[in-house]
Amino acid sequence: MSKELFQNIKQIGYGAMGLEGYYGQSDDMSAVNTLVRAIEQSMMIDTADAYGAGHNEDLIKQAIAQTETTPFIATKFGIVFEEDQTGSQLDTGWGFPLTINGTKEYVARAIDNSLERLGVEQIDLLYAHYLDPNVPLAETVSAMADAVKAGKVKAIGLSNVTAEQVLEANEIHPIAAVQYEYSLFRREAETDILPAINQIGAALVCWSPLGAGFLTGQVKDLEEGDFRNNNPKMQGDNFTNNLQRLEEIKAIAAEYQVTPAQLALAWLVAQGDNIIPIPGSRKTSRVVENLEALSVTLSQETLDKLDQIAPIGAFKGATLV
C-alpha cells in the first residue's frame, strides 16, 4: 500500500506548517504561490487542521484552485483548537501543553471539517497528529479506518508515536506512513521507530528534516517569540557546541558544491526509498532548491563520514516529542 500510495510523488515533500509564522512572518499571497509551485512539482503537501487553526488548510484550498495539477494532500487531526471542543492534556516539552482528542466522534468531525477547508473529496493521507492518552488507540484508528471505507480518506498514518503503537495500530488497519522527527540533527528514530516502520512496509515521513532550519547553516540566533527557543538543542552552550559540529557538515556540502540543506536532504533520501523528508519553506526558490537534493548522490565514504560526525545523540540537548 505504501509504495503504491506514493508512486506519483517526489521523495521529497513539502511541509506547510511554516506558512503560519512559526519561523517568521508569511503573507497569504506568497504562501499560496509557494504551495502552487510545490503541487506542480508533484510534492506531497503536508499540513494539519491545527496549523493556523484551519488557516493552513484554507491556503492549500486556494493553491489547488490555481493549478490544474492533481495534488497529494496529507493532513492531521487530534490537536484541539476550537473553543467548543474538549480533550486530554498532553505535555510535549515545547513549553506549552496541547489538548488532544481521539474519540470516534471527534475524528469523524475533524475529517469532515478538513475536507471542507481543503475543498477536496478525499484526503490522500490522514494522520493522527498525537494519540489521545485517555482514548484507546483502537477507537481512534478504527474511526480513521471507517473514513477509508467511506471513501473520505485514501490511507492512514500516525504521528509522534512509539514503535509499539505503530505495530498495534497496523493490526487494526494498514498504516501507510508514520511521521516522526528524523534528520542528521536528530537520529533517534533509527533505534525503534524506523525498524517498526520497515517491518510493516510503511513510509517514514520526516518532519523537521533540516533540524528546524538548523542544518541550513543559516540559523545564527533566534528572534524573541520564535518557538525554536524552546528547543534545548538551540539553547546556550548546546547551541554553541552544535554550531561547531555543523561546520564539519558544511565542509562536506562545500565539497559536493551543494548547500548544507541539500546535503542533509540527500542524506535522508539515501537512508531508504521509504524515507520522505518534508522540509518547509516560505519561498518558492527554496522549494526548487530542496528538490535539487534528489539529484545529489552521496558516496558510501561520505555517508560513513556523516555517520561519524553526527551519530545518534551527537548534537547536544534533550530531544522533544
Side-chain angles (χ1 to χ4, degrees), residues 15-18 20 22 46-57 73-118 123 125-148 152-153 155-173 175-182 186 188-189 192-193 196-197 202 204-208 212 227 230-231 278 318-321:
M17 186 188 79
E20 298 304 323
Y22 297 100
D46 181 85
T47 185
D49 58 3
Y51 295 164
H55 179 255
N56 207 247
E57 291 182 327
I73 306 299
T75 193
K76 313 176 201 69
F77 72 89
I79 298 178
V80 177
F81 59 92
E82 298 163 304
E83 293 183 0
D84 64 335
Q85 297 297 305
T86 60
S88 306
Q89 291 296 296
L90 181 70
D91 182 12
T92 64
W94 284 100
F96 52 87
L98 294 172
T99 302
I100 309 298
N101 193 323
T103 62
K104 181 178 181 180
E105 295 76 17
Y106 184 87
V107 174
R109 181 180 187 276
I111 291 170
D112 287 342
N113 287 342
S114 283
L115 286 168
E116 181 176 355
R117 281 190 294 264
L118 290 165
I123 295 166
L125 176 59
L126 176 76
Y127 297 97
H129 207 154
Y130 289 90
L131 291 176
D132 187 330
N134 294 318
V135 173
L137 177 149
E139 178 177 339
T140 302
V141 175
S142 294
M144 298 169 73
D146 288 343
V148 175
K152 296 180 179 181
V153 172
I156 68 172
L158 301 173
S159 177
N160 303 310
V161 288
T162 65
E164 291 76 14
Q165 290 168 332
V166 171
L167 298 177
E168 180 183 348
N170 195 63
E171 291 296 319
I172 301 168
H173 187 279
I175 299 299
V178 174
Q179 191 165 141
Y180 203 85
E181 184 177 3
Y182 185 39
R186 182 185 176 189
E188 281 75 10
D192 51 9
I193 286 289
I197 290 170
L204 174 61
V205 177
C206 317
W207 64 264
S208 202
F227 87 105
N230 294 311
N231 189 336
I278 50 168
T319 56
L320 303 175
V321 175

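FYI, side chains are in, hydrogens and waters are out, and symmetry mates aren't considered; it's all heavy atoms of this structure. Quick note: residue numbers are just sequence positions, from 1.
Residues Thr99 and Thr86 form no side-chain contact, since every pair of their non-hydrogen atoms from C-beta on lies 4.5 Å or further apart. The closest side-chain heavy-atom distance from Asp49 to Asn113 is not below 4.5 Å. Side-chain contact between Arg117 and Ser114: present, with at least one pair of heavy atoms (C-beta onward) separated by less than 4.5 Å. Between Asn56 and Thr75, the closest side-chain pair of non-hydrogen atoms is not below 4.5 Å. You'll find the side chain of Ile156 reaches within 4.5 Å of the side chain of Ile175, heavy atoms only. Side-chain contact between Tyr106 and Val80: present, with at least one pair of heavy atoms (C-beta onward) separated by less than 4.5 Å. Counting heavy atoms from C-beta outward, Val178 and Val205 have side chains that stay 4.5 Å or more apart.
Of all heavy-atom pairs spanning Lys104 and Glu139, the tightest one is N-OE2, 2.9 Å. The minimum heavy-atom distance linking Ala163 with Ala196 is given by the pair CB-CB, 3.8 Å. The heavy-atom pair separating Glu20 from Gly52 by the smallest distance is OE1-CA, 3.5 Å. The shortest heavy-atom contact between Gly102 and Val135 is O-CG1, 3.5 Å. Minimum heavy-atom separation, Gly54 to Phe81: N-CE1, 4.1 Å. The minimum heavy-atom distance linking Gln89 with Pro97 is given by the pair OE1-CB, 3.7 Å.
If you take CG on Leu158 and OH on Tyr127, they are separated by 9.5 Å, rounding to the nearest 0.5 Å. Note that the CD1 atom of Ile193 and the CG atom of Asn160 stand 9.0 Å from one another [nearest 0.5 Å]. The structure places OH of Tyr180 at 12.0 Å from SG of Cys206, a figure rounded to the nearest 0.5 Å. In this structure, CG in Leu204 is found 4.0 Å from CD1 in Ile197, a value given to the nearest 0.5 Å. The OG1 atom of Thr162 sits 8.5 Å away from atom CG of Leu167, with the distance rounded to the nearest 0.5 Å.
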- Between Phe77 and Met144, is a side chain to side chain contact (heavy atoms under 4.5 Å, CB included) present by the stated rule, with each step listed? CA-CA 10 Å; Phe77 72 89; Met144 298 169 73; 3.8 Å; yes
- Message: Between Gln179 and Ile278, is the side chain to side chain contact (heavy atoms under 4.5 Å, CB included) condition met? List the steps.
- Response: CA-CA 10 Å; Gln179 191 165 141; Ile278 50 168; 3.6 Å; yes
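Applying the salt bridge (charged side-chain N to carboxylate O under 4.0 Å, His left out) definition to pairs two or more places apart or across chains, none involves residues 155-172.
Contacts of Asp46 classified as salt bridge (charged side-chain N to carboxylate O under 4.0 Å, His left out), with partners at least two apart in sequence or in another chain: Lys76. Among residues two or more places apart in sequence or in another chain, the salt bridge (charged side-chain N to carboxylate O under 4.0 Å, His left out) test is passed with Asp192 by none.
The local environment of CD in Gln85 is crowded, with over 12 non-hydrogen atoms from other residues, nucleotides or ligands closer than 6.0 Å.
With 3.5 Å as the limit, one finds no donor-acceptor pair spanning the side chains of Thr47 and Glu57.
A salt bridge links Lys152 with Asp112: the distance from a Lys NZ or Arg NE/NH1/NH2 to an Asp or Glu carboxylate oxygen falls below 4.0 Å.
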